[in-house]
Every structure is written in C-alpha cells, then in structure tokens.
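Single-structure report; data block below.
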There are 2 protein chains.
Amino acid sequence: MSVSIKDVARAAGVSTSTVSRALGKGPVSAEVLRRVESAVLATGYRPNLAARQLRSQRSMAVGLIVADIRNPFFTQLSRAVEDAAYAAGMRVLLCNTDEDPAREAMYLELMAEERVSGLIMTPTRHLSPAALARVGRPVVLVDRAMPETDFDSIVLDNARASAELVDHLVASGRRRIAGLFGSTSATGMERRAEVEAALERHGLPARSALSLPSFDAGHAALAELLEREMPDALILSNGLFVRAALKLCHERRIAIPAQLALAGFDDEVWTDLVDPGITVIRQPVEEFGREAMQALLARIGAAKMRPRRVVLAGELIVRGSTAPV
Amino acid sequence: MSVSIKDVARAAGVSTSTVSRALGKGPVSAEVLRRVESAVLATGYRPNLAARQLRSQRSMAVGLIVADIRNPFFTQLSRAVEDAAYAAGMRVLLCNTDEDPAREAMYLELMAEERVSGLIMTPTRHLSPAALARVGRPVVLVDRAMPETDFDSIVLDNARASAELVDHLVASGRRRIAGLFGSTSATGMERRAEVEAALERHGLPARSALSLPSFDAGHAALAELLEREMPDALILSNGLFVRAALKLCHERRIAIPAQLALAGFDDEVWTDLVDPGITVIRQPVEEFGREAMQALLARIGAAKMRPRRVVLAGELIVRGSTAPV
DNA sequence: CATGTCACTGCAAACGTTTCCAGTTTCTGG
DNA sequence: CCAGAAACTGGAAACGTTTGCAGTGACATG
C-alpha cells in the first residue's frame, strides 16, 4: 500500500539500515547517499512517524494545554509556541480545558498516552504538583505558576504591573478603586494580592471580587460589584474582564473616565479602537511562548536542572480610560 | 521502562491478545474483563498510541490547516473543530500557513507523514487540486472553496451575504460604494464578484481593491483607496480589514457614518463596543467547524461519495456604522 | 609485512500493539 | 445425546522504523 523504507532500499540497492542512516545522520558514502536520495524521490517515500516514534521512543511532539484558545492571550501564546515548535522540528498538540480541572486531568492523561516529549501549560489553581509530576515528562508552566513551584515557569512580573496600575490610578485622582480577578488561576490570586498591597501602601481600602474568567461571569460579577458601592476606578485582571466592564458601562451609560476609570491586563486589538482607549498592561505574550518553548527544549535536553523561573515585565499603556477628571 | 500491555497481561493472568480485546471491543468474559481492568489500574498502564497506530494503520488524528490562528475567525473555527474532534476521540494537528503557498505545501507534506486520517483546511487560492489530492487523505475545505471543487466543502452563502450588504448600504443612501477584498483566497474573489454584481444590479459603479489579508496590508490598501477618490461607503471582506478601516478612520478623523459608512464580514467581539457599532455579516463559525468535522468523519467512513457542499447563511447585523445620514 | 583504526555496510532484534488463525469450551436446537 | 454454532482465548505474525553488533575492506602506522 504505502511505500516504506524497504522499497527505497530495494530501489537504491542497499539495506534498510543504510537508508535509515542516509536519511538520519549516520555515516554513509557519498555515492550511497546520492542513490538513496534519488530513490526517495523516485518512490515518493514518506517516513512513517508512528514507526519511528515506536522504535526510537521519541515523539517529536509537545503538548500545549490552555484554558481557551479563544481568549486572545492564549491565541497569541499558542501561535508563538507553534512557531517555535515547528522551527525545532516538533509538532504541537493543543488542548482547551475551559478552566475545568476534570478536563485538565483528562488531557494530562492523553498527553501521557501520546508520549509527548514535553508539556507547556497554564494550569488551573486546582492542579496538584503531584498530578503534574505523574505525567512523567518535562513541564513548563506559562503565565500561571505558584512562586514556589518545582517546574520551570514563565510569568509576568505581576507585583510590578499591579503596582503600576494602582499608582497610575491614584496619580490620576482615583481613591475608590475596586478590582475583579480570575478565580481559577494562581495569577488571579497573585494580582489580587499585589493590587491590595499597593492600595494599602497608599492607605486606600481594597475592594476586590473574584469571578470565573469568562465574559459572562465577569459581566455578572461586575454588575453586582457596581451595584453595591460605586467605585471610581476598576482594575480588571484579564482581557475578558476588561471587555465585560466596557460592555457593562455602555449598557448602564456609565461615563468613562468621568464616572469610572477602567484599567486592566492584556492589550487586545480593540483597546485603542474604542473611545476612550483603554489603559492596560501589555504583556509580552509572544515572548512568553518563545521562552516557554526554549525552556522546554532545554529541559528535554537536560532533565536534571534546578527549576528556572523567567519573569517578564509588562508595559503600562496609558489611554483615555484613566484620564484625570 | 514504561508499562506495556504485556505487564497487564501478566498481572491479569491472560494473554496480550485478550488484554487488547478487553480494552477494545472484542468478546471477553465478564470475569476476564474485571481482571484486566483491575490489572490496568494496578499497573498504571497507558496504551502506546504510536504502537497502536503502527499496527492498526489508523492515526486518530486530523490536520487543521488555516492561515493564521490569530485571526478570530480561525480561532473560533479551530476551537469548534477541536471540540468536535475530541468528542469523536480524535486529536487535532494545527498549522498556520500565513497565506504562504510554500508553507502550505510543506504542511501538506507533514500531514501525509503523520498519516492523519483526514484534513480540514482553508486553502490559499494557489493550492492546486492535484497537490491536495496527492495527500491521499480525505479533505474538507472550509470557508474557502471554488464552487466546482472535487472536495467536500463548507462555505458561507457569499452571494446572498454580499447582496445583503450592498442592498443595505444602498437603502441607507450610499451611492459611491467601494470594497476591499482578500487577494489570497477564493472567498475574497467570490465576495468581490458578488458585491460587484449586486452594485451593477443597482446601476452603481464598482470600485474594488485587493490586498493581502493582514491588518497592515489592509490598512495600506485602504489608505491608498481613500486617497484616490473618497467613497461614501466601504465594504470589507474580513474582520482584519474592518479593523484596519476603523483604525484608519480614527487616524484621518473621518466621521462614521456621516462621511463614510463601514460594513463588512465577521462579527468580532469588539464590533459592538466601538462607537458607532459596526454593521457586519455574522458568520456561523462554530457551525462551520462542526459541519467540517462531521463531513470529514463521514468521508473517512465512506471514501466513495460524491463531494458534498454545505452552504450556510450569514446574518446581517445592522449597527450605527451604516446609519442613514 | 603485520597490525590497528576507520568508514562504511548488512543482519537481525527490538519497540508495543492489533488481528488472523486455530483451538477449546460452552451453549443451542433437533 | 449429538452436531454445529457461538463465545471466548492464546500463539504468532505483522506494522515500519532504528540501532547494537559484527563484518568488510581500505588505509595508515610501526
């Protein structure tokens, strides 16, 4: 049916071992190499990756587990990871957990079955390090990782970014600052803590809420938050929440920035298209992806290394949504 | 090293064949099934997918080749495909061509090597049917497909959508209607032809330009287009172009809809957050993905079927960007 | 000339499954 | 009670590679 290495060997008049070595990096004579190459062309041979993987016990595939690819942050991340992976001759298996620990666990299983050579993921808060270790492959955590984790991790400097946001809002005259943070991730928790700490440094009260990181959940949480006691500024811990906040302001005819200032994480494509533009922390997402892949390849190469943590700085982009009143 | 089916067989006191049947759907006694299941648990066995694929010649993976996952249309599409695929017990291999025929060809090669059991793709205009057939796997085209293609395809009713856009703009008083269309896809070509036909039916002149489907290229093309002769309405054949047009209007302080009406394809998340909201054709993207996967599975099941074409209707969503002046 | 080294090659054994085949037991109908 | 079918099981042969081992010559070194 399909043409195998045997057909190539026959066409080139050599053994299958020699073909294998000619295609790989084993030592072969120039003459044989030439014959094998033309035999490959003549027969239209394509190596069977399953056979190769079975024999060599290496898969040339990495897993990428994110919450939801439709979140632009993860979209960008995945694209960067794919590019880096293909450049290194590896393929990517993408999974969406929808922040559901059960799906997360299922996909970890699947990755183990696939014998991926490594794993990049944005874990939920509920994933135990033990479960992660049980996968038995190198793992790199991106965007979300407890500070004291045993795995390599690439994260934003959340302390600095949170402080910058708070400082900026205070400088622009806001005093009643509320925040909404993702409830499922270590990152959400971290940003909340850092925002509260920064507020405390200014001697201001902290009003923070948690929500599942989805547009609808965020929208509902914000509605409730604004209901209780109207703040004069809102800090949103991710792009979905920023969008939900903006939508809510439109619906309630809340004037930005006059009545309410808006600032958050993630510089999505539309943040400078709306009026006023939204003040955000831009995260170096592409760099997250590249660094993650690089860390993973290093880890695959040398399993025994102390876990490495890469902390990247965000960039505060000031727009009209936080203009002084 | 890793635990194989042999270990399970030994633990359960049966042969490997029986374990295989117990795990698959072969006939086994209840007693043996029980023993095998507990042996699997006890040993922590995970089937080796490479071995399974090698032996059974089936890969349980489908390829998905799109232009760029960062385009929200493809993001949504890929998510829908993934969901449908995982539901059917299949994995997805995602590739981004960036509209580059060379990369497209390379990924087709790769898919062949992977022995994917099927392929879903949004081809560039330059991909020859012959090259596609050479992959030797079932292929389903999504979003982009010549009407007379030999492959299954899922497409938008571009004729109707284009006519609706034109009719709406004319009804709202516009007469100098220009369009920008993606140059790399059959869809861009089709929409251009249909828009021009609709304009002709109204006895109006057609002014259309082509551009690579990226934000920057679209932005540049639009700048040039507006330079030459200012239209009173713009039709944009994809979400990137809509965004580029809006950005350009902001930069040039062109008033929407007073000076220029904006309408296009793809209802991205921000189209109702900007002011005025953008009039668009909403495409049933999730349905594209589901239908594509379903068609692919059908085709995998029965190779010999006449090619089937699914045409889905878009929905015109009228917003302020095309309000009558 | 003897010896060792080196570059190259082929043989054959894996890698972990599934599946064909044949064999054994148990059930069913007459 | 027998024949035949049906249900279940194990043995062994694949699937297409890579790779350890051993063998061949060629060539340099002493």
Return the nearest nucleotide to the side chain of [X]; candidates are [options].
{"X": "R58(A)", "options": "dT19(D), dC8(C), dG16(C)", "result": "dT19(D)"}
{"X": "S56(A)", "options": "dT9(C), dT18(D), dG16(D)", "result": "dT18(D)"}
{"X": "S20(B)", "options": "dT18(C), dC8(D), dT9(C)", "result": "dT18(C)"}

Hey, could you give me the CG/CD1 distance between L93(A) and I120(A), rounded to the nearest 0.5 Å? 12.0 Å
Five-pair end axes of the helix from dC1(C)-dG30(D) to dG30(C)-dC1(D), angle between them (10°):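 Answer for the end axes of this duplex: 30°.
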Can you tell me how far [atom2] of [N] sits from [atom1] of [X], to the nearest Å?
{"X": "K6(B)", "N": "dC15(C)", "atom1": "NZ", "atom2": "P", "answer": "6 Å"}
{"X": "I5(A)", "N": "dT19(D)", "atom1": "CD1", "atom2": "C1'", "answer": "12 Å"}
{"X": "E113(B)", "N": "dT17(D)", "atom1": "CD", "atom2": "P", "answer": "10 Å"}
{"X": "R35(B)", "N": "dC8(D)", "atom1": "CZ", "atom2": "C1'", "answer": "13 Å"}
{"X": "L23(B)", "N": "dT18(C)", "atom1": "CG", "atom2": "P", "answer": "7 Å"}
{"X": "L54(B)", "N": "dT18(D)", "atom1": "CG", "atom2": "P", "answer": "12 Å"}
{"X": "L33(B)", "N": "dA7(D)", "atom1": "CG", "atom2": "C1'", "answer": "15 Å"}
{"X": "Q53(A)", "N": "dA14(C)", "atom1": "CD", "atom2": "C1'", "answer": "16 Å"}

Any salt bridge linking [X] with [Y]? Criterion: basic side-chain nitrogen under 4.0 Å from a carboxylate oxygen.
{"X": "E109(B)", "Y": "R46(A)", "value": "yes"}
{"X": "R103(B)", "Y": "E82(A)", "value": "no"}
{"X": "R137(B)", "Y": "E114(B)", "value": "no"}
{"X": "R34(A)", "Y": "E31(A)", "value": "yes"}

Just wondering, do T149(B) and P307(B) contact through their side chains at under 4.5 Å, heavy atoms? no
Would you say that V40(A) contacts L23(A) through its side chain, given a criterion of any heavy-atom pair below 4.5 Å between the two side chains? yes
Does any residue of residues 45-52 of chain A have a heavy atom under 4.0 Å from DNA chain D, and if so, which ones, in number order?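 Heavy-atom cutoff 4.0 Å gives Y45(A), R46(A), P47(A), N48(A), A51(A), R52(A).
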Heavy atoms of other groups near M146(A) CE, more than 12 under 6.0 Å: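 No.
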Please answer whether the main-chain N or O of P123(B) pairs with a side-chain N or O of R144(B) as donor and acceptor at a distance below 3.5 Å.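 Indeed, once roles are kept as given, a pair shorter than 3.5 Å links the two residues.
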Backbone N or O of V310(B) within a donor-acceptor pair of the E291(B) side chain at under 3.5 Å? no
Quick test: give all pairs of protein nitrogen or oxygen and nucleotides 10-13 of chain C nitrogen or oxygen below 3.5 Å, distance rounded to 0.1 Å.
unit_1  : atom_1 : unit_2 : atom_2 : d
dG10(C) : OP2    : S15(A) : N      : 3.0
dG10(C) : OP2    : S15(A) : OG     : 2.9
dG10(C) : OP2    : T18(A) : OG1    : 2.3
dG10(C) : N7     : R21(A) : NH2    : 2.7
dG10(C) : O6     : R21(A) : NH1    : 3.2
dG10(C) : O6     : R21(A) : NH2    : 3.4
dC11(C) : N4     : S17(A) : OG     : 2.8
dA12(C) : N6     : S17(A) : OG     : 3.4

Can you check whether Q57(B) has a side-chain N or O nearer than 4.0 Å to OP1 or OP2 of dG16(D)? yes
Closest non-hydrogen atom pair, S117(A) against P138(A): O-CD, 3.4 Å
Shortest non-hydrogen contact from N96(B) to I69(B)? OD1-N, 2.7 Å
